[in-house]
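Reviewing the structure listed below.
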Amino acid sequence: MTRSAHLTRSARRALVAASALALLSARTTSAQDAREIAARVARASDGVIQMSFPARPGACGDGGNIVGFSRALYIHPNVETHGSWSAVNCVPGPAAVRLTIAGGTVTSVRTYVGTPKRALLGGTDLGDVRPQDAADYLLSLAAGAEGRVGKDAIRGAAIAADAVVGPKLLRLARDADRPRQTRTEAILWIGELGEEGALPALEQMAGDGASDMAIREAALMGLASLPAAAGVRALTRIALDDRDPQLAKKGIFWLAQTDAAGARRTLRDMAASSDAPETMRGEAIFALGHLNGTVEDGRFLRGLYGRLTSEKLKDKLLQSVAQIEDDPEGERWLLGVVKDAGESLAMRKQALFWAGQRDGGDARALVALYPEIEGRELREHYTFVLSQSGEREATDRLMDIARSDPDREVRKKALFWLAQDKDPRVAQFLQKVIVQP
């Protein structure tokens, strides 16, 4: 609970105003202009106020719901991602921030990049303001606001062209009395912008065992977002530190989200290390396939499989190989594990399942496997995998098994899975089976 939780509305407004004046007290022309923005907002008891300013290079939007910058993408009202993104209409343009005010309190902040698609009707347009002034005002607002207002104000401040915001973002990030969402947003933008001092600040926050894990993980995300892969060494140290397993696990995840080649090498070394704890090896194996897996990662994982003795790690590896869509050898290799009589039944079944689940997999290769599968349990499992495919060839093979497999129990299992299929051909097939004498 924050310090202002028990204050009246008027007292909270006074606290917000006091925070704004405290942060805008420097005697410079820019600060005076920022105070003027605060004063204009304070005089508006209800309605909408808009200000416009140039956006940072790299900021983009659609003039409506989309705002993007570097690894951050926001789609109003509730979609937010920090990592790789594409296939959205996000183009450079000026920024505009609209503040909704009710009863003298800012109740929402909305940031646009590009000319807003909806004109400001019945509100107050402050026109163009200097980016630093807009950033200073918005960060002062975030310093005293509750709920989502603080978080959304930070976004508008962060994309203001040439504005220096790092010190104030850090002050917000370290303020334990601010809402968690305000603090984490400040931390994420410290990473995205990468101003001077960002790296040591983020390292300190990630390593602070007295902070809750949400704040520490936000710092890891910030390290992953630093420009020029500046946070990779710090993430590597955290990922390899088994003194704090929970943080190390999250460090592995965010290390895998970076584009640095050295990050992938670190993950492979960890996955292959017999000295590393099994849980950490498993996280590294998982990350190599599920998080931006490459053809090289697939080749490494396939080579590692035979050196593993833990079936838990083998299972994670099978899953990871199946997730690397661009690796043409992945499916063939998984089917090879299925056919390997020297492998345990549990691993053969898992390899079969993940081969069937693989996005972009070739149903024909799965169908062609049928004559090479031996043993009732594996063949019954095969009928389930076929039923999950959704491909016409797989359904055809399932009907063939139900019709002619020499094992009655396997035929029954195939019929069971066919009964779940809505393909009209299956309905006709089942009807014929039922009426047979």
Side-chain angles (χ1 to χ4, degrees), residues 1-25 34-35 37-38 41-42 44 48-51 53 67 69 72 74 76-80 82 95-112 131-160 163-193 195 201-202 205 211-212 214-219 221-222:
M1 184 174 289
T2 66
R3 287 180 299 187
S4 59
H6 298 296
L7 299 179
T8 64
R9 171 181 281 186
S10 60
R12 285 199 298 271
R13 289 204 300 269
L15 178 61
V16 173
S19 299
L21 290 174
L23 285 176
L24 300 174
S25 60
R35 288 200 298 271
I37 296 173
V41 173
V48 178
I49 289 182
Q50 175 173 295
M51 68 184 90
F53 48 87
V67 174
F69 179 83
Y74 300 86
H76 183 81
N78 295 316
V79 176
E80 176 179 339
H82 292 264
V97 172
R98 288 180 180 174
L99 311 171
T100 300
I101 304 168
T105 300
V106 177
T107 58
S108 73
V109 179
R110 181 84 180 270
T111 299
Y112 302 86
Q132 186 69 58
D133 300 328
D136 287 342
Y137 166 71
L138 290 167
L139 290 178
S140 74
L141 176 63
E146 300 297 328
R148 182 169 174 171
V149 170
K151 173 179 179 175
D152 292 344
I154 288 171
R155 186 182 317 148
I159 65 168
V164 177
V165 295
K168 290 177 180 177
L169 287 176
L170 185 55
R171 194 179 310 166
L172 287 170
R174 287 175 169 164
D175 186 353
D177 290 322
R178 290 296 83 225
R180 179 185 291 172
Q181 59 183 329
T182 299
R183 297 179 67 194
T184 56
E185 188 74 6
I187 293 169
L188 297 179
W189 280 104
I190 290 171
E192 292 288 356
L193 299 177
E195 291 184 10
L202 290 169
M205 285 186 282
S211 292
D212 67 47
I215 299 299
R216 300 178 77 188
E217 184 173 11
M221 194 188 309

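The figures that follow rest on heavy atoms only: side chains count, while hydrogens, waters and symmetry mates do not.
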Quiz item: Roughly how far, to the nearest 0.5 Å, is CZ of R148 from CG of N78?
Solution: 5.5 Å
Quiz prompt | Test side chain to side chain donor-acceptor pair (under 3.5 Å) applied to S211 - qualifying residues, sequence neighbours left out | solution = D208
Quiz item: Do you know which two heavy atoms are closest between A145 and G150, and how far apart they sit?
Solution: CB-N, 3.8 Å
Quiz item: Taking only residues two or more places apart in sequence, or in another chain, which ones meet T107 in a side-chain contact (heavy atoms from CB on, under 4.5 Å)?
Solution: T100, A102
Quiz item: Of the non-hydrogen atoms in P167 and V164, which two are nearest, and what is the gap between them?
Solution: CD-CG1, 4.1 Å
Practice problem: Sequence neighbours left out, what passes side-chain contact (heavy atoms from CB on, under 4.5 Å) with A134? Give chain and number order. | Solution: M51, F53, V129
Quiz prompt | Closest heavy-atom pair and its distance - A153, L141 | solution = CB-CD2, 4.1 Å
Self-check item: Member of I37, V48, V41 meeting the side-chain contact (heavy atoms from CB on, under 4.5 Å) criterion with L99
Solution: V41
Quiz item: Taking only residues two or more places apart in sequence, or in another chain, which ones meet A214 in a side-chain contact (heavy atoms from CB on, under 4.5 Å)?
Solution: R180, D212
Quiz item: What pairs with Q50 under side chain to side chain donor-acceptor pair (under 3.5 Å), at least two apart in sequence or on another chain?
Solution: R98
Self-check item: Those residues that, when tested against A158, pass side-chain contact (heavy atoms from CB on, under 4.5 Å) (two or more places apart)
Solution: W189, L193
Quiz item: Taking all non-hydrogen atoms of both residues, which atom of I154 and which atom of A142 are closest, and how far apart?
Solution: CG1-CB, 3.9 Å
Quiz item: Looking at L188 and M221, what are the two nearest heavy atoms and their distance?
Solution: CD2-SD, 3.2 Å
Exercise. Kindly compute the distance separating CG (L172) from OG1 (T184), expressed to the nearest 0.5 Å.
Key: 11.0 Å
Quiz item: Do Y137 and V97 have side chains that get closer than 4.5 Å, going by heavy atoms?
Solution: no
Quiz prompt | Point-to-point distance, once rounded to the nearest 0.5 Å, from CD of E146 to OG1 of T182 | solution = 8.0 Å
Quiz item: With sequence neighbours excluded, what pairs up with R183 under the salt bridge (Lys or Arg N to Asp or Glu O under 4.0 Å) test?
Solution: none
Quiz item: Does Q181 use its side chain to pair, donor to acceptor, with the backbone of G147 at less than 3.5 Å?
Solution: yes
Practice problem: Mark yes or no for whether R178, through its side chain, and A143, through its backbone, hold a donor-acceptor pair below 3.5 Å. | Solution: yes
Practice problem: Name all residues meeting the side chain to side chain donor-acceptor pair (under 3.5 Å) criterion together with E80; count only those two or more places apart in sequence or in a different chain, and write none if there are none. | Solution: H82, K151
Quiz prompt | Residues in salt bridge (Lys or Arg N to Asp or Glu O under 4.0 Å) contact with R174, at least two apart in sequence or another chain | solution = none
Practice problem: Considering non-hydrogen atoms only, spot the tightest contact between S108 and V149 and give its length. | Solution: N-CG2, 3.9 Å
Quiz item: Would a 4.5 Å heavy-atom cut-off, applied to side chains only, mark L170 and M205 as touching?
Solution: yes
